[in-house]
Amino acid sequence: MRKLSSRSESFTDSVIRRMTRISNEYDAINLSQGFPDFDPPKAITDRLAEVSAEGPHQYAITWGAKNFRDAVAKKYEHFSGISIDPQTEIVVTCGSTEAMMATMMSIVNPGDKVIVFSPFYENYGADTILSGAVPIYVPLNPPEFNFDRKVLEDAFRQDASAIIICNPSNPCGKVFTQEELEYIASLAIKYDAYVVTDEVYEHIVYKPNRHIYMQSLPGMRERTVVCNSLSKTFSITGWRLGYVIANPEIIERVKKVHDFLTVGAAAPLMEAAVTGLEYGDDYYEELAAHYAHMKEIFVGGLDKLGLKYTDPQGAYYVLVDVSEFGVKDDLKFCEWMIRNVGVAAVPGSSFFKENINHLIRLHFAKNDNTLNEALRRLATLKEKATNAENVEWR
Ligand code: GLN
């Protein structure tokens, strides 16, 4: 048989999503792929029930139903202070996964260099490969996940066409400061590069940290491509509702790519989700408080168990340090942990370009009962891992 495409050959399947499948096989508590086990707001699901009777059930305008785009624009202006034209500056996509892919296809030529901070959300690796870009990785150095300004400038100097920033950051929980964002913006302007932001955790930030919108910085309105989604904000990861916000010239391209990739996001789901987009500030305050509560239960529990971890400033992941168990292969360790401890994590190596094997990522977007049960199981980790014999991961 003929060979298949070399593009799709060079990356693996998503380890995050693979861990979910293994977790399901062993009926473990799945703290690997980040999604909540609690329901979306009832008003949104009630609205979905109405929509199932009333419609729409046919295609919306390919770049998104007008009322949905209007609602996104209004919410974005409320939080970022930036007013955008919902007709020419937004494309609604199937999750921010498509938003990012369509963005890359729209702004990058094969062979172009794209700066990616490491650790990074694993999709960015595949996105760069599929769009033909060559990633330049710039380390965010643990435990603070700061970057070296000189290393970053060196990366820009290599004629990078864009930089991808996940803020708040998956997997390390970093929330970029105003000063850091201003520095990145100054380099993007100096070296004429686009800044692609993944801001899906914009409302999951722990005090006193604060989310700053890259697009709101001087000179960045035209140069920033915002990728976002409703998945995390409204606990509807399965609805696959995302969007791109950018200047009209970029959006014109993204519209075309999106049109041929997926035609459009699900019309009934857009209609129902407008209910959420119209919520007032109370909703976002409650969401942040709920996540602060889940974080407190989970990291408080890890403290009691004497496990070392990075305390996130935003998003809902912790990187737990498992070096004390002599882990050499973190993927095998995570598989072992699913079978022997009953808790699923993502091996840290799937996020780092550097050779890092001593971190595993757990998330805490879960009900109190789920978190407490996960902690009860994790209480056996130290003993089981320390005493484990003939394991493939050591
Ligand atoms: N962002 C989530 C994570 O990192 C998962 C997203 C996805 O699988 N599409 O686990």
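Order of appearance sets the numbers: ligands from 1, and atoms from 1 within every ligand. Note that this is a predicted model, so its numbers are computed, not measured. Hydrogens, waters and symmetry mates are skipped; everything else that's a heavy atom, side chains included, is used.
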**Q** Could you list which atoms of ligand 1 come closer than 4.0 Å to a heavy atom of Gly34?
**A** 2 (C), 3 (C), 10 (O)
**Q** Using the six-membered ring of Phe364, assess whether NZ or CZ of Lys295 lies under 6.0 Å from its centre and within 45 degrees of the ring axis.
**A** no
**Q** With a distance cut-off below 6.0 Å to the six-membered ring centre and an angular limit of 45° from the axis, does Lys366 pair with Phe35 as a cation-pi contact?
**A** yes
**Q** Is the distance from the ring center of Phe176 to that of Phe117 below 6.0 Å?
**A** yes
**Q** Are Asn228 and Glu202 close enough that a side-chain donor and a side-chain acceptor fall under 3.5 Å?
**A** yes
**Q** Under 4.0 Å from a heavy atom of Arg17: give me the atoms of ligand 1 that qualify, with their elements.
**A** 7 (C), 8 (O), 9 (N)
**Q** Compare Gln33, Lys232, Arg240 and give the one whose heavy atom is closest to atom 1 (N) of ligand 1.
**A** Lys232
**Q** Measuring from non-hydrogen atoms of Tyr201 to any atom of ligand 1, is the shortest distance under 4.0 Å?
**A** yes
**Q** May I ask you to check whether His290 and Phe38 place their ring centres under 6.0 Å from each other?
**A** yes
**Q** Tell me whether Tyr317 reaches ligand 1 (any heavy atom closer than 4.0 angstrom to a ligand atom).
**A** yes
**Q** Can you name the atoms of ligand 1, numbered from 1 with element, that are less than 4.0 Å from a heavy atom of Asn170?
**A** 1 (N), 3 (C), 4 (O)
**Q** Can the positive tip of Arg149 be found less than 6.0 Å from the middle of the six-membered ring of Tyr183, inside 45° of the ring normal?
**A** yes
**Q** Can you check whether Arg361 has an N/O within less than 3.5 Å of an N/O in ligand 1?
**A** yes
**Q** Which heavy atom of the protein is the closest neighbour of atom 6 (C) of ligand 1, given with residue, atom name and distance?
**A** Tyr121 OH, 3.1 Å
